[in-house]
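In what follows, a single structure is set out as structure tokens and then discussed.
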Amino acid sequence: MKAMTLAALMAAAPFAVSADTLTLSSPLAGGTLHTNAVDMSVYWTQSDDAFEVVAYYVTRDETAPQKLQMRLENGDHVVFGLPGQTGTAYSFERVADALVVTTAPVKTELAYN
């Protein structure tokens, strides 16, 4: 029984590491997220009652970092993909005094004509 449980956990491991979560609970504290194709650095500052979120990301195909900026009020939550990058959704959520950023694999891809 133990061998079967261990085998099941080992089989699930590649899927578990494909999602990444970052929680930033103080202004100017930064962190990074990594996927197979994108590396991203994120930080936030306080502006009135909102968070001014800044993220820089670089893809494996590009050398120049790209910048994302957004303003999040308490309870705001946004999910999106990056231009030219398929297979990963990025979630930015303001939860009280923290910013939670998550990457997750996406099973469907949108096609543009």
**Q.** Distance in Å, S47 OG paired with E73 CD, rounded so as to fall on 0.5 Å steps
**A.** 9.0 Å

Q) Where do Q85 and T59 land on the side-chain contact (heavy atoms from CB on, under 4.5 Å) test, with the steps shown first? A) CA-CA 8 Å; Q85 301 298 313; T59 66; 3.3 Å; yes

Q: State yes or no: do L28 and V53 share one hydrophobic cluster built from I, L, V, M, F, W and Y residues joined by side-chain heavy-atom distances below 4.5 Å, directly or via other members?
A: no

Q. Honestly curious: do V106 and V79 fall in one hydrophobic cluster under the side-chain, below-4.5 Å linking rule?
A. no

Q | V42 reachable from V95 in the ILVMFWY side-chain graph, under 4.5 Å edges | A | no

Q: Looking only at non-hydrogen atoms, find the nearest pair between Y43 and G30 and report the distance.
A: CB-CA, 4.1 Å

Q: Given side-chain contact (heavy atoms from CB on, under 4.5 Å), test M40 with V58 step by step and report yes or no.
A: CA-CA 7 Å; M40 181 180 290; V58 65; over 6 Å; no

Q.
Restricting to non-hydrogen atoms, name the atom on T35 and the atom on R60 that form the minimum distance, rounded to 0.1 Å.
A. O-NH2, 3.1 Å

Q. So, S26 side chain and A29 main chain: donor-acceptor pair closer than 3.5 Å or not?
A. no

(Q) Rounded to the nearest 0.5 Å, what separates atom CG in L99 from atom CG in D76? (A) 11.0 Å

Q. Should L72 and L24 be regarded as members of a common hydrophobic cluster, given that ILVMFWY residues are connected when their side-chain heavy atoms come within less than 4.5 Å of each other, either directly or indirectly?
A. yes

Q. About how many Å separate CG of D49 and CG of N74, when rounded to the nearest 0.5 Å?
A. 9.0 Å

Q: Report the C-alpha distance between V101 and L33 in whole Å, list the side-chain angles of each, state the deciding distance to 0.1 Å, and finish with yes or no for side-chain contact (heavy atoms from CB on, under 4.5 Å).
A: CA-CA 8 Å; V101 184; L33 297 161; 3.2 Å; yes

**Q.** Step-by-step side-chain contact (heavy atoms from CB on, under 4.5 Å) determination, L22 to T32
**A.** CA-CA 7 Å; L22 172 66; T32 59; over 6 Å; no

Q.
Tell me which pairs pass side chain to side chain donor-acceptor pair (under 3.5 Å) where either residue lies in residues 87-102, with sequence neighbours left out.
A. H77-S91

Q: Output every pair passing ring pair (Phe, Tyr, Trp, His ring centres under 6.0 Å) with a member in residues 47-70, not counting sequence neighbours, ordered by first then second residue.
A: W44-F51

Q: Report the distance from atom CG of D20 to atom OG1 of T103, rounding to the nearest 0.5 Å.
A: 4.5 Å

